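Everything numeric here is computed off the predicted structure, so don't read it as measured data. Below, chain A is the first sequence line, B the second, and so on; all start at residue 1.
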Protein chains: 2
Amino acid sequence: MAERPSVPSPPRLVDVARAAGVSLATASRAMTGSSGVSAEVAAHVQAVASRIGYVPNSHARALAGGQVSMVGLIVHDVGDPYFGEIARGVLHETESRGYLALISQTQRDPRAELARIRALRAHRVTMLVMAGSGYVRAGREAGTEVGAGAGITAGAGTGTGTGTGADTDAGADMAAEVRSFTAAGGRLAVIGRHHLPVDAVLPDNAAGGATLMRHLLGLGHRRLGVLGGPPNLTTVEDRLDGLRTAFGAAGLDWRSVPVVHGDFTREGGAAATARLMRAHPDLTAVVALNDPMAVGALSWLLNSGRRVPGEISVAGFDDAPVARDVYPALTTIRLPMADMGKQALDLVLRPPASRPRRRRTTHELVVRASTAPPHT
Amino acid sequence: MAERPSVPSPPRLVDVARAAGVSLATASRAMTGSSGVSAEVAAHVQAVASRIGYVPNSHARALAGGQVSMVGLIVHDVGDPYFGEIARGVLHETESRGYLALISQTQRDPRAELARIRALRAHRVTMLVMAGSGYVRAGREAGTEVGAGAGITAGAGTGTGTGTGADTDAGADMAAEVRSFTAAGGRLAVIGRHHLPVDAVLPDNAAGGATLMRHLLGLGHRRLGVLGGPPNLTTVEDRLDGLRTAFGAAGLDWRSVPVVHGDFTREGGAAATARLMRAHPDLTAVVALNDPMAVGALSWLLNSGRRVPGEISVAGFDDAPVARDVYPALTTIRLPMADMGKQALDLVLRPPASRPRRRRTTHELVVRASTAPPHT
DNA sequence: CTGAAAGCGCTTACAG
DNA sequence: CTGAAAGCGCTTACAG
């Protein structure tokens, strides 16, 4: 009855046990819900616990061999709507299941990614969701710096084939890290990343790219330009592959398609558009490899007095929430982002399969106002 | 030299100590960087540690009295651009300082909020940032259900005064929780929430509302309507207060201003606009209390064939990234969201002051294309 | 500067 | 079903 007056330290399980008149072991069983306690005793202990405001110490629990109730989530950038939606999906699940989520952003830096995984492992996190593109081998895009000063490259110069661009280099470290993580019993699911021997939710990047290209070709466009994200991302490569495949399938020469790389952001899109249009003023359509870049393209084009889609069409990728509200409303490829997060968490929660699971997402062409037949 | 072949359990500090030929205590000191070790020994231990891939067990550390290197972040909704920006700001800071962030979303449910804090406390988190509006006393908005079936209320019916709407009710529990958290040495900073005796970053809601209203009055608008978010949020109340004050200061009767409440989302905004315009078809301007609602309003109005701002002006609040790209580009009140996150983390990191610190943000009217003089 | 030892708050075999 | 005891991997007084 008498409350400890001075010590503000939270009650421990012993306090609960004492107050309930049972042993530590019994109290523990009652609180964790494990078998071996009579229902009455368990209920009594729990009642006492909640009365005295007992909250188990998760560190002690983890250390004593209990489950770690945290899942890790690594994204490139929380502020980006793509990752925002994914995070929403993941958090929705974790919270309904009583887990806490440790979130990290890497700003698309492979080294930061490794560091984050290690930090998460230090916290003995055994369930981890990594969202965001993997990286292609450094040096493949010789001399092209990510997001700054990226020169214009002919289409043929980028993505010389599917599946050759493994997450190597920093990728080698990453692969080793992942191996050791899973060997130690860790569960990892990635979103939008191949080349890692783990469960994966794979957005339909190549197919989406092809669908988008067919849409533009169908409208009659032949002089197209592409705003690519950082050339070291496999997502960029895959989406480009899809575009190229559909372009080639129409009997056209992909080498005639200029590709400009920039940051996967609004600003990156605007800057890349500037470079693209200066070198190729006669384009009738621009494809951005994600929606923020497309929004940047719209902004630059409109500011430069071009009519969209009257003079030039613009298309994006992802169907971020912003897509339908920009002017003109953006034609894009929809990916089920929040659901992808949910799926990834689901994979992480189930026991590992004998071989990595792959869940391919759907994609859907969403035609809005930003694309139309060329004016010609 | 010989590696343990079968046991995949990670190396412990004893392993490092053994390999380095020092005691556990010395190894610990070397790894934590605490004083009492010669620089050489420390360097040697660290070299050995990194060679054998030692990663300290954070749970053991925390349990043994070391610092918990996690900070908690509670937001209403990660997918919402407002919170996305705040999260970005917070994470940017935590990561540069070597902390990991535990993130939770509450979906604007006060009960969920309490549950999240408790979960965080179970993990012995002592640094916590809570972003998002507080709640006004339940029952103040009698019969008005949040986000669904919210009826049209006369302006005078909402927000009968500043400062009276404390975070009560669930607020009482919250206050108790917060007291016990800080009493136990926890550090908490809130963003956009008053009435809690903790450090706070306070967006200039009332002043922003007043600025926005003056802008519209200055354009000549007199028949205005308001799209309010959930009526139980203090943020909504404060922004309304600002609008009302400026309206009254112009010698006008606030009771003539219809206020419709809905979810703080695009969909909520569209639905609220529908109700508002049906009841008051002659409005010349609509103010939404956040940008997503404003975007919903634009969408509904444009779909209904209204010209914006030709027939009706629309303004928002926050200056979310989307604001400048919608059509027409949105006039709004800019809040420095990412910086607010950074500020909050900064507060949490410093020792508590004798009385709670308050940092007021600036606000800035950003005039874009969605507002213009009334057509009349 | 270095080490032996206690202790953080739990869980889980191991005995009844 | 219940309890006494060992142990999880660290940190930190406490002695040298």
Side-chain angles (χ1 to χ4, degrees), chain A residues 4 7-46 48-49 52-70 121-126 184-185, chain B residues 4 7-46 48-49 52-70 121-126 184-185:
Chain A
R4 272 191 262 79
V7 186
S9 76
R12 295 151 305 158
L13 189 55
V14 252
D15 301 321
V16 174
R18 204 128 46 198
V22 298
S23 73
L24 225 201
T26 298
S28 171
R29 294 192 187 101
M31 293 311 293
T32 57
S34 56
S35 63
V37 216
S38 70
E40 289 131 13
V41 173
H44 176 228
V45 170
Q46 287 163 7
V48 169
I52 69 181
Y54 170 69
V55 177
N57 181 321
S58 72
H59 297 299
R61 264 195 174 167
L63 191 58
Q67 282 303 304
V68 172
S69 55
M70 302 185 298
R121 293 189 70 180
H123 287 78
R124 294 307 183 261
V125 166
T126 59
Chain B
R4 272 191 261 78
V7 186
S9 77
R12 297 151 303 158
L13 189 54
V14 252
D15 301 320
V16 174
R18 205 128 45 196
V22 299
S23 74
L24 226 203
T26 298
S28 173
R29 294 190 187 102
M31 294 310 296
T32 56
S34 57
S35 63
V37 216
S38 69
E40 290 132 12
V41 173
H44 176 229
V45 170
Q46 286 163 9
V48 169
I52 69 180
Y54 170 69
V55 178
N57 182 321
S58 72
H59 296 299
R61 265 196 172 164
L63 192 57
Q67 282 304 302
V68 172
S69 55
M70 302 185 297
R121 293 188 71 180
H123 288 78
R124 293 309 183 259
V125 166
T126 59

Over how many whole Å does the gap from [X] atom [atom1] to [N] atom [atom2] extend?
X: B:L63; N: D:dC8; atom1: CG; atom2: C1'; result: 9 Å
X: A:L13; N: C:dC8; atom1: CG; atom2: P; result: 14 Å
X: B:D15; N: D:dG9; atom1: CG; atom2: P; result: 9 Å
X: A:H44; N: D:dC1; atom1: NE2; atom2: P; result: 18 Å
X: B:H59; N: D:dT11; atom1: NE2; atom2: P; result: 14 Å
X: B:R12; N: D:dC8; atom1: CZ; atom2: C1'; result: 10 Å
X: A:M31; N: C:dT12; atom1: CE; atom2: P; result: 14 Å
X: A:R61; N: D:dC10; atom1: CZ; atom2: C1'; result: 20 Å

Taking the side chain of [X] as its heavy atoms from C-beta onward, which of [options] lies nearest to it?
X: A:A64; options: C:dC10, C:dT2, D:dT11; answer: C:dC10
X: B:N57; options: D:dT11, D:dC10, D:dT2; answer: D:dC10
X: B:R29; options: D:dC10, C:dG3, D:dG3; answer: C:dG3

Is there side-chain contact between B:T32 and B:R61, with at least one heavy-atom pair below 4.5 Å?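 Yes, close enough: below the 4.5 Å cut-off.
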
A side-chain contact here means heavy atoms from C-beta on lying under 4.5 Å apart; do B:R12 and B:P56 qualify?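 No, their side chains stay 4.5 Å or more apart.
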
Does OP1 or OP2 of [N] have a side-chain N or O of [X] closer than 4.0 Å?
X: A:T26; N: D:dG3; answer: yes
X: A:S28; N: C:dT11; answer: yes
X: B:S23; N: C:dA4; answer: no
X: B:S38; N: C:dT2; answer: yes

Starting at the 5' end of DNA chain C, which residue's closest nucleotide do you reach first, A:V14 or B:A42?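 Nearer the 5' end of the strand: B:A42.
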
Closer to the 5' end of DNA chain C via nearest nucleotide, is it A:V55 or B:V41?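 Counting from the 5' end, the first nearest nucleotide belongs to B:V41.
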
Inter-nucleotide C1' distance (C:dT12, C:dG16), Å rounded: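 These two C1' atoms come out 16 Å apart once rounded.
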
Atom pair NE2/OG1 of A:H44 and A:T26 - distance to nearest 0.5 Å: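 Reported value, rounded in 0.5 Å steps: 12.5 Å.
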
Using purine N1 to pyrimidine N3 plus N6-O4 or O6-N4 for Watson-Crick, or N1-O2 and O6-N3 for G-U wobble, both under 3.5 Å, which nucleotide pairs with C:dA15?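 Because both required distances fall under 3.5 Å, C:dA15 counts as paired with D:dT2.
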
Which part of the nucleic acid, if any, lies within reach of B:T32 when heavy atoms closer than 4.0 Å are counted: base, sugar-phosphate only, or nothing?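 Answer is sugar-phosphate: B:T32 comes under 4.0 Å of backbone atoms only.
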
Identified side-chain contact (heavy atoms from CB on, under 4.5 Å) partner of B:P11 from the options B:V14, B:L13, B:D15: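 By the side-chain contact (heavy atoms from CB on, under 4.5 Å) criterion, B:P11 pairs with just one of B:V14, B:L13, B:D15: B:D15.
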
Hey, are A:S58 and B:H59 close enough side-chain-wise for a donor-acceptor pair under 3.5 Å?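 Note: B:H59 and A:S58 side chains miss the donor-acceptor criterion.
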
